[in-house]
Amino acid sequence: MDLFGEAAPPRDIRGVIVHPGLLDRAAQEALVRDVRTLVEAAPLFRPETRRGQKMSVRMTSAGSVGWVSDRRGYRYEPQHPAGVPWPAIPRSVLAIWDEVAGVDRQPDTCLVNFYDADAKMGMHQDRDEADLRWPVVSISLGDEALFRIGNEERGGRTQSLWLRSGDVAVLGGEGRMLHHGIDRIRAGSSDLLAGGGRLNLTLRVAGA
DNA sequence: GAGTAACT
DNA sequence: ATGT
């Protein structure tokens, strides 16, 4: 099986490297099976911001820590909000990191974000990690998503691109601290997930 | 579509 | 301010 037969050369958007079609259909289906198992152990929840507003995405995590947000702010926690440990990061997911991250260290957390047709994610930076030099790897599964990439400072010019199922993006080097977000989901654009929607897997090194 | 601001 |  050709897990990493790239359909097109990687693209560099302001230091964010996007590998279009890195994952073939079989690899995508295997990932979805692993994520379903993961979500059975650590159910999706809807986080809220510090001001108590519900986010539109539902999320969970795998790894030694998981990202959470509530009125106390953003942080990595060793347990799911329900009080259970996060499940292990699936090997199928770690293999993708090994392929594209380009560093001699494994991630210690995998954030699982589920976007329904109406879900969005505002522009933000990934900055809750102890060492911001490690790259971030983002895997897209299911419906297409309009991804916006901005600047290190808030505001200014941005570039948007559609992320498709099987695409893998790496935020490293110059791209690591850029603001980014998801503006829109193109409902019905993929049949990978039976109920529709988009799964995004974000691999990070959270600890020191 | 993209950038800014107001508001909660 | 990972909000609308």
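The sequence lines fix the lettering, A, B, ..., with proteins before strands; numbering per chain opens at 1.
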Could you tell me which nucleotide pairs with B:dA5 by Watson-Crick or G-U wobble geometry, both distances under 3.5 Å, or answer none if nothing does?
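WC or wobble partner does not exist here.
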A:L141-A:W162 co-clustered via ILVMFWY side chain contacts under 4.5 Å:
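Unlinked, A:L141 and A:W162 end up in two clusters.
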Mind checking whether A:V39 and A:V93 sit in one hydrophobic cluster, side chains of I, L, V, M, F, W, Y counted as touching below 4.5 Å?
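Yes.
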Categorize [X] for me: base, sugar-phosphate, or nothing, with a 4.0 angstrom heavy-atom threshold over every strand shown.
| X | value |
| --- | --- |
| A:R157 | sugar-phosphate |
| A:E48 | nothing |
| A:N151 | nothing |
| A:G181 | nothing |

If I take atom [atom1] in residue [X] and atom [atom2] in nucleotide [N], what distance separates them, rounded to the nearest angstrom?
| X | N | atom1 | atom2 | answer |
| --- | --- | --- | --- | --- |
| A:R14 | B:dA2 | CZ | C1' | 11 Å |
| A:D183 | C:dT4 | CG | P | 12 Å |
| A:K120 | B:dG1 | NZ | P | 14 Å |
| A:L161 | B:dA2 | CG | C1' | 14 Å |
| A:R46 | C:dG3 | CZ | P | 12 Å |
| A:R71 | C:dG3 | CZ | P | 16 Å |
| A:I182 | B:dA2 | CD1 | P | 13 Å |
| A:E153 | B:dG3 | CD | C1' | 16 Å |

Within the structure, does a side-chain N or O atom of [X] lie under 4.0 Å from either OP1 or OP2 of [N]?
| X | N | value |
| --- | --- | --- |
| A:R51 | C:dT4 | no |
| A:R184 | B:dG1 | yes |
| A:S160 | B:dA2 | yes |

Identify whether the distance between the nearest side-chain nitrogen and carboxylate oxygen of A:E29 and A:R25 falls below 4.0 Å.
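Looking at A:R25 together with A:E29, the answer is yes, because their closest N to O distance falls below 4.0 Å.
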Answer with yes or no after comparing the ring centroid distance for A:H124 and A:H179 against a 6.0 Å cut-off, counting only values under it.
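No, too far apart.
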Between A:A119 and A:S56, which heavy-atom pair has the shortest distance, and what is it?
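Shortest heavy-atom contact: CA-OG, 3.4 Å.
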